[in-house]
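First the structure, in the form of structure tokens, and then the observations on it.
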Amino acid sequence: MNTTDFKKQTVKGLAPSILLVLAGLSACQNQKEMKTAYQWPEGITAPVAEKKEHFRTIHGDTVADPYYWMIDYFKEGPESAGVIEYLTAENKYLDTMMSGNKQFRDDLFNEMKSRIQEKDESVPYFKNGYYYYTRTEEGKQYFKYCRKKGSPDAPEEILADVDAMAEGHPYYQIGGFSISPDNKLMVYSVDTVSRRQYDLYVKNLETGELLPDKISNTSGDAVWAKDNKTFFYTFQNVKTLLTEKIKRHTLGTDVTKDATVYHEKDNSNYIGVDKSRSGEYLLIISQATMSSEIRYLKADNPNGEFKLFQPRIKDVLYSVEPQEDRFLILTNDNAQNFKLMECPLDQTGKEHWKEVIPHRKDVLLSGADGFKDFLVLSERKNGLVQIRMIDKKSGDEHYLDFGEATYRAGLSTNPEYDTKTIRYAFSSLITPNSVYDYTVASKEKTLKKQQPVLGGYNPEEYETERLYVKARDGVSVPVSVVYKKGYEKNGKAPLVLYAYGSYGYSMDAAFSSNRLSLLNRGFAFAIAHIRGGEEMGREWYDHGKMMHKKNTFNDFVDCADELVKLKYTSPEHLYANGGSAGGLLMGAVANMRPDLFNGIIADVPFVDVVNTMLDESIPLTTNEYDEWGNPNNKEAYDYIKSYSPYENIEAKDYPNILVTTGLHDSQVQYFEPAKWVAKLRSTKTDNSLLLLHTNMDFGHGGASGRFDYLKDVALMYGFIFSLEGITE
């Protein structure tokens, strides 16, 4: 039970796996001032986008937007062919400018791929009589979803051979696996476009056949009722991709006649359907950035009516977890950092809530998971995750000891309610992803698996640090740093500074085997844990959104300045990277302090904030008003306009910038980075490189295969290595 995870599945923030990919990427530098061993092609003319008259007028303010026509591809307007021509021209320009290090990038791809154990298997988890796991095969891009009955040594059943299913598709994303209570049926979802529009399928696991019950335009997840023939799913608006309805489907019936059991009328809310860990309750969750509302139904009564748990209240978030004798409620009601409450199963209104864990000013209570014999609390203190165990009967409690100064940790897959152990995941900047089983009563932990890093990785060769940088308003901002031993802090070494800083998403210090290609070539890598995340508590998030959003940008700049001051690097060797909402950060700091960075890589960047937030036809816009503000209100309009990267491009020198996007991106539409690049190219006064790479087959998360995305990483690494004079 987590107050923010539900929304993070759909916001521009992305799922954690994507963010970790982005966190391993980096930036670039100024061609005019660099003396490098790599020779960029000369005399190549960059594409020049056509300007067409268009004006935006609101609140008495008229702004010219000569690149507005680029929105036409998905609007199916008369300029759609021109959009493809422009994006193709930019791709060809990038290929030409980067042609000299093509072999080096191929080598980087193979180097990063060689660290991955291609034939691999996840740690099986137990649920309802079966051990479930995924496994990968050598040379294959996808995986096989499997199970074994009763014992890890039982014969294997392959539930989904995704390698075979994905054949012939440039993009193939499968998810939402949901097994019926009798273990005989599986609902799963498929997206072949990369716009997070999923089709649901039902497979008979006894015969292997697909049932005719295909359902389109869903968010990808489904949950079963106890009768093994009814499931519930989230239906999307085809144009805006908003999750508008929860529907009920009974196997063998016409999907076009599926009953709508809930219709969300507030287009600022995300909705979804879930099932309690105990399997006894179905939950409909409606949540905006600052309010939530939940409905519940016994899973053995699928045709019943969902009951309202507690009506939504402005600025009050809550999530619930059913237990056998009560509901647990995690809420920020008069508790900025959240508190844990409980109520009877038959009296759920707020007036019946009783306090279990009080609010603490210095500790964020980010999650509460209830099991039969104990509670597991996920907390944050001093920017770090804590996992706290509480025995339900005795009240005894203790914390896990992770043993490192900076890390990422959290609960893993724990589907069973009646269990003696929990599973958690741990990694750090030097410790590969590790899965542990922890016996709560005995405090015994067992390492089930640590992700292999092929090629002889030795964590003793690397060093990590945790710094605290005083920002301009006096707040201390944590910074996590990693480098290979021997890195000299003399101002001459290169450093990549990464950050995100939005949606309350905490960017913890996690391991990346790809990042070794940076560290082994003399780079340091740093994560600035800036406001807009929740690393330092809910206040950290509140002070990095809406009318406080500029704190996010200021924090990043101040961290970069401090790293230069401490001689970790210098402006001649400092690189910045961020993606999605972190790409907004990149655009903002490019305008604010172009002198501070040799270059910037902005991945799928959210850079046209005003225009996007004014267009309610764009997917997710209305869901985001509580994050950025609604520019239909003048105060919000003026504030957003004052920092939106596209609005604030000036005739001045900029560092080299590499921008990536995907044509089918549903989170940050392709035209935002395309417009930004076009306006930058026509306005800036330098000769530095400005490159745009549009993936014409993929969307926000990039390639779906487990190796293909490494080509994009190699492009980014190859770019900054060449600018640093590194050619092998």
Look at [X] together with [Y] and state whether they make a salt bridge at an N to O cut-off of under 4.0 Å.
X: R147; Y: E157; answer: yes
X: R277; Y: E321; answer: yes
X: E627; Y: K545; answer: no
X: R248; Y: D258; answer: no
X: D373; Y: K420; answer: yes
X: D325; Y: K392; answer: no

Verify the neighbour count for atom [atom1] of [X]: are there more than 12 heavy atoms of other residues, nucleotides or ligands below 6.0 Å?
X: K381; atom1: NZ; answer: no
X: K448; atom1: NZ; answer: no
X: K372; atom1: NZ; answer: no
X: E305; atom1: CD; answer: no
X: K229; atom1: NZ; answer: no

Point-to-point distance, once rounded to the nearest 0.5 Å, from [atom1] of [X] to [atom2] of [Y]:
X: I527; Y: S480; atom1: CD1; atom2: OG; value: 5.5 Å
X: F143; Y: S122; atom1: CZ; atom2: OG; value: 9.5 Å
X: M290; Y: K314; atom1: CE; atom2: NZ; value: 8.0 Å
X: Y318; Y: I329; atom1: OH; atom2: CD1; value: 9.0 Å
X: L384; Y: H529; atom1: CG; atom2: NE2; value: 8.0 Å
X: I179; Y: K203; atom1: CD1; atom2: NZ; value: 10.0 Å

If we only count heavy atoms from C-beta on, is the [X] to [Y] side-chain gap below 4.5 Å?
X: S428; Y: T406; answer: no
X: Y132; Y: P124; answer: no
X: Y424; Y: D437; answer: no
X: E293; Y: L308; answer: yes
X: E404; Y: T431; answer: yes
X: I422; Y: M389; answer: yes
X: L365; Y: R360; answer: yes
X: V223; Y: Y233; answer: no

Exercise. Can you list the residues that meet the ring-ring contact (aromatic ring centres under 6.0 Å, His included) rule with Y133, with sequence neighbours excluded?
Worked result: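 Y133: no ring-ring contact (aromatic ring centres under 6.0 Å, His included) contacts found.
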Exercise. Which residues satisfy the ring-ring contact (aromatic ring centres under 6.0 Å, His included) test with H543, sequence neighbours excluded?
Worked result: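 Applying ring-ring contact (aromatic ring centres under 6.0 Å, His included) to H543 gives H548.
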Between [X] and [Y], does any side-chain donor sit less than 3.5 Å from a side-chain acceptor?
X: D508; Y: S506; result: no
X: D542; Y: Q336; result: yes
X: E379; Y: Y399; result: yes

Are the aromatic rings of [X] and [Y] close, with centres under 6.0 Å apart?
X: W353; Y: F327; result: no
X: Y462; Y: Y457; result: yes
X: Y145; Y: F177; result: yes

Problem set entry | Y296, Y281, F232 screened by ring pair (Phe, Tyr, Trp, His ring centres under 6.0 Å) with F306, the one that passes |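 For F306, the ring pair (Phe, Tyr, Trp, His ring centres under 6.0 Å) test succeeds with only one of Y296, Y281, F232, which is F232.
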For this session: Output yes when a side-chain donor or acceptor of K339 lies under 3.5 Å from a complementary backbone atom of I357, and no otherwise.
Result: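 Absent.
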For this session: Give a yes or no on whether the backbone of S268 and the side-chain of D266 come within a donor-acceptor separation of less than 3.5 Å.
Result: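 Answer holds: yes.
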For this session: Determine, step by step, whether K449 and E121 satisfy the salt bridge (charged side-chain N to carboxylate O under 4.0 Å, His left out) criterion, reporting the C-alpha distance in whole Å, the side-chain angles of both residues, the deciding distance to 0.1 Å, and the verdict.
Result: CA-CA 10 Å; K449 180 178 182 179; E121 186 174 304; over 6 Å; no
Exercise. Between R135 and E156, does a salt bridge (charged side-chain N to carboxylate O under 4.0 Å, His left out) hold up when you go through it step by step?
Worked result: CA-CA 11 Å; R135 62 176 177 85; E156 178 182 82; 2.9 Å; yes
Problem set entry | salt bridge (charged side-chain N to carboxylate O under 4.0 Å, His left out) between R466 and E535, worked out | CA-CA 13 Å; R466 182 82 158 183; E535 286 93 334; over 6 Å; no
For this session: In sequence, state the C-alpha distance, the side-chain angles, and the governing distance for E264 and E244, and then conclude on side-chain contact (heavy atoms from CB on, under 4.5 Å).
Result: CA-CA 5 Å; E264 177 57 64; E244 292 183 337; 5.7 Å; no
Exercise. Does the side-chain contact (heavy atoms from CB on, under 4.5 Å) test come out yes or no for I285 and Y270, once each step is laid out?
Worked result: CA-CA 8 Å; I285 305 157; Y270 297 91; over 6 Å; no
For this session: Search all heavy atoms of F511 against all heavy atoms of S427 and return the closest pair with its distance.
Result: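 Distance-wise, the nearest heavy atoms are N-OG, 3.4 Å.
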Exercise. For S291 and L317, which heavy atoms make the closest approach, and how far apart are they?
Worked result: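 For S291 and L317, the tightest heavy-atom pair comes out as N-CD2, 3.4 Å.
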For this session: Could you please spell out the steps behind the side-chain contact (heavy atoms from CB on, under 4.5 Å) verdict for I271 and T234?
Result: CA-CA 7 Å; I271 63 171; T234 309; 4.1 Å; yes
Exercise. Are Y142 and Q173 close enough, and set up right, to give a side chain to side chain donor-acceptor pair (under 3.5 Å), and what steps lead you there?
Worked result: CA-CA 9 Å; Y142 295 92; Q173 182 69 42; over 6 Å; no
For this session: Start with the C-alpha distance between W540 and E534, add both sets of side-chain angles, then the distance that settles side-chain contact (heavy atoms from CB on, under 4.5 Å), and finish with yes or no.
Result: CA-CA 5 Å; W540 205 245; E534 273 186 348; 5.7 Å; no
Exercise. Where does the angle between the aromatic ring planes of Y438 and H398 fall among parallel (under 30°), tilted (30 to 60°) and perpendicular (over 60°)?
Worked result: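 Correct class here is tilted.
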